[in-house]
2 protein chains.
Amino acid sequence: MTDLTPDEQLLEFFKALADANRLKIIGLLAQSDLSVEELAAMLGLRPSTVSHHLMVLSLANLVSARAESYYNVYTLKPGALEGMAKTMLAQETLPSIAAGVDTNAYDRKVLHDVLLPDGRLKIIPAQRKKLEAVLRHIVAAFEMDVRYPEKQVNEILAQFHEDTATLRRELIGHKLMAREAGIYWRLSDSANSRAADSGG
Amino acid sequence: MTDLTPDEQLLEFFKALADANRLKIIGLLAQSDLSVEELAAMLGLRPSTVSHHLMVLSLANLVSARAESYYNVYTLKPGALEGMAKTMLAQETLPSIAAGVDTNAYDRKVLHDVLLPDGRLKIIPAQRKKLEAVLRHIVAAFEMDVRYPEKQVNEILAQFHEDTATLRRELIGHKLMAREAGIYWRLSDSANSRAADSGG
DNA sequence: AAATCAATTCGATACTAATCGAATTGATTT
DNA sequence: AAATCAATTCGATTAGTATCGAATTGATTT
């Protein structure tokens, strides 16, 4: 029954509560256990409709039913709401939702637009976001923890574009590289940066 | 902007998160602020679609946008998720959702089916839920904190049905009244009972 | 001033989900 | 055994919404 990943479970939970009548059902069951007919009368709906809503809530593990003669009496599952609320608040939940997402897609799209087949730049884009995507790609040509003299920096940058001076300046300005006394080195990605360059 | 009652706000919140792509947007924004185009590339959607999703999330007060040149950079509203999670957990939230619901509707429906125009019972229903609804109606004819001798109890019950013995027995059995040494008195509603009899 | 760019709005389309009535199922009462 | 009852399932209809492409808007760059 719980063959769902945590994010699928969370989505199921939100979908279950994203309906006015289902929310009311939860509110009513919080006060007392009720049968399908009772809920139908209170909500002004047909029993078949209420049965459907209760099925959705069951699949989201929010309610359960017990048989009493020919009644099906539904109960709020104790701790179900609390559990999901805590899941929402948990630090690891949000990142895990985005886990399956291709966060490099934008950079790839920009590079696809701006790169020639040989890997050189058609142009150095003027738009900030595009420029940043290009710079993230270029800086991957430098190794971490290595000190580069300016001559070597220019040789590497020249593989991408003849205007090495602009590229140097932008790499520094966007804090992807640092310079001191004519020596350059790569800076580690800040929190707001993307995953590692996928090297397309 | 917040001309919504608490329950409408809660529903808006759940609706906003009841979509896989919007959940992913929240997950991505939890890691870093992003523009519409970046989100569109990551999710494999058109900018217009993402714009629509961001509008929904904005109306639910989950994200906000800041203009940066011609980019619209979206941010997770700090504390928004936490706030809603706490609202979910709050003791008073659940009952307030069901506040507008007519909890007497089932009893009224049963009474409408089983009562004659003069207020007498066509039959004493066999089904437990229906019987309970009828008993809740009948017990309202007795005052709280008054001690009734059996003779007077029978007179009152006879207004509803000739089989006063059965009615007496069921009222006791369902703990709506109690008896001791031939004296009867009404019991206060337990947690699982309905609101006061609407006296139709 | 013209061209470019990202975002939004709008209209159309496809998909999903809510609701109902009819038929069916399981259980209980007569 | 037959009749009654509540719940569920099923099929059809309707309402809502996700998605897209085209057009528009505001801002920036050339």
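Note on naming: letters A, B, ... go to the chains in the order of the sequence lines (proteins, then strands), and numbering restarts at 1 for each one.
Each of D:dG21, C:dA18, C:dA6 was ranked by its minimum atom distance to the side chain of B:S48; first place goes to D:dG21. Of the candidate nucleotides D:dA7, C:dA6, C:dA7, C:dA6 has the atom lying nearest to any side-chain atom of A:K130. Residue B:K15 has its side chain nearest to D:dT17 when only C:dA18, C:dT8, D:dT17 are considered. Comparing atom distances between the A:E37 side chain and each of C:dT19, D:dA6, D:dT8 picks out D:dA6 as nearest. Nearest nucleotide to the side chain of B:M55, out of D:dT19, C:dT9, D:dT30: C:dT9.
Computed from coordinates, the B:N21 CG to D:dA18 C1' distance equals 9 Å when rounded to whole Å. Note: CG (B:L11) to C1' (D:dG16) measures 13 Å, nearest angstrom. Straight-line distance from the CG atom of B:L23 to the P atom of D:dA18: 12 Å, rounded to whole Å. The distance from atom CG of B:L131 to atom C1' of C:dT29 is 14 Å, rounded to the nearest whole Å. Rounded to an integer number of Å, the gap from CG of A:L54 to P of D:dA6 is 16 Å. Computed from coordinates, the B:R46 CZ to D:dA23 C1' distance equals 16 Å when rounded to whole Å. Between the CG atom of B:L45 and the C1' atom of C:dA6 there is a distance of 17 Å, given to the nearest Å. Per the geometry, OH belonging to B:Y70 stands 7 Å off P belonging to C:dC5, to the nearest Å.
Among the protein residues, B:R128 comes within range of no part of the nucleic acid, since none of its heavy atoms lies under 4.0 Å from any strand. Within 4.0 Å (heavy atoms only), B:H53 reaches sugar-phosphate atoms of the nucleic acid but no base atom. Note on B:T49: a base of the nucleic acid sits closer than 4.0 angstrom, heavy atoms only.
You'll find the side chain of A:I97 reaches within 4.5 Å of the side chain of A:L10, heavy atoms only. Residues B:I172 and B:M177 have side chains in contact (heavy-atom distance under 4.5 Å, counting atoms from C-beta outward). Proximity of B:E38 to B:Y71: side-chain heavy atoms (C-beta onward) are nowhere separated by under 4.5 Å. Between B:V153 and B:R179, every side-chain heavy-atom pair lies at or beyond the 4.5 Å cut-off.
Nearer to the 5' terminus of DNA chain D, by closest-nucleotide assignment, is the contact made by A:V50 (compared with the other of A:V50 and B:R22). Annotation: of the two residues near DNA chain C, A:G44 and B:Y71, the 5′-most nearest-nucleotide partner is B:Y71. Nearest-nucleotide positions on DNA chain C place A:Q127 closer to the 5' end than the other of B:P47 and A:Q127.
Counting heavy-atom neighbours within 6.0 Å of B:E162 CD, excluding the residue itself, gives a total of 12 or less.
Qualifying side-chain contact (heavy atoms from CB on, under 4.5 Å) partners for A:L45, counting only residues two or more places apart in sequence or in other chains: A:N21, A:L43, A:T49, A:V50, A:H53.
Checking B:R128, B:K129, B:K130 one by one against B:E132, the salt bridge (Lys or Arg N to Asp or Glu O under 4.0 Å) holds for a single residue, B:R128.
Residue A:N72 places none of its side-chain N or O atoms closer than 4.0 Å to OP1 or OP2 of C:dG26. Contact annotation: A:Y74 reaches the phosphate of D:dT8 (side-chain N/O to OP1 or OP2, under 4.0 Å).
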Secondary-structure notation, DNA chain D, from Watson-Crick and G-U pairs under 3.5 angstrom (| other strand): ||||||||||||||||||||||||||||||
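Looking at every heavy atom in both residues, A:I183 comes nearest to A:P149 through CD1-CA, 4.0 Å.
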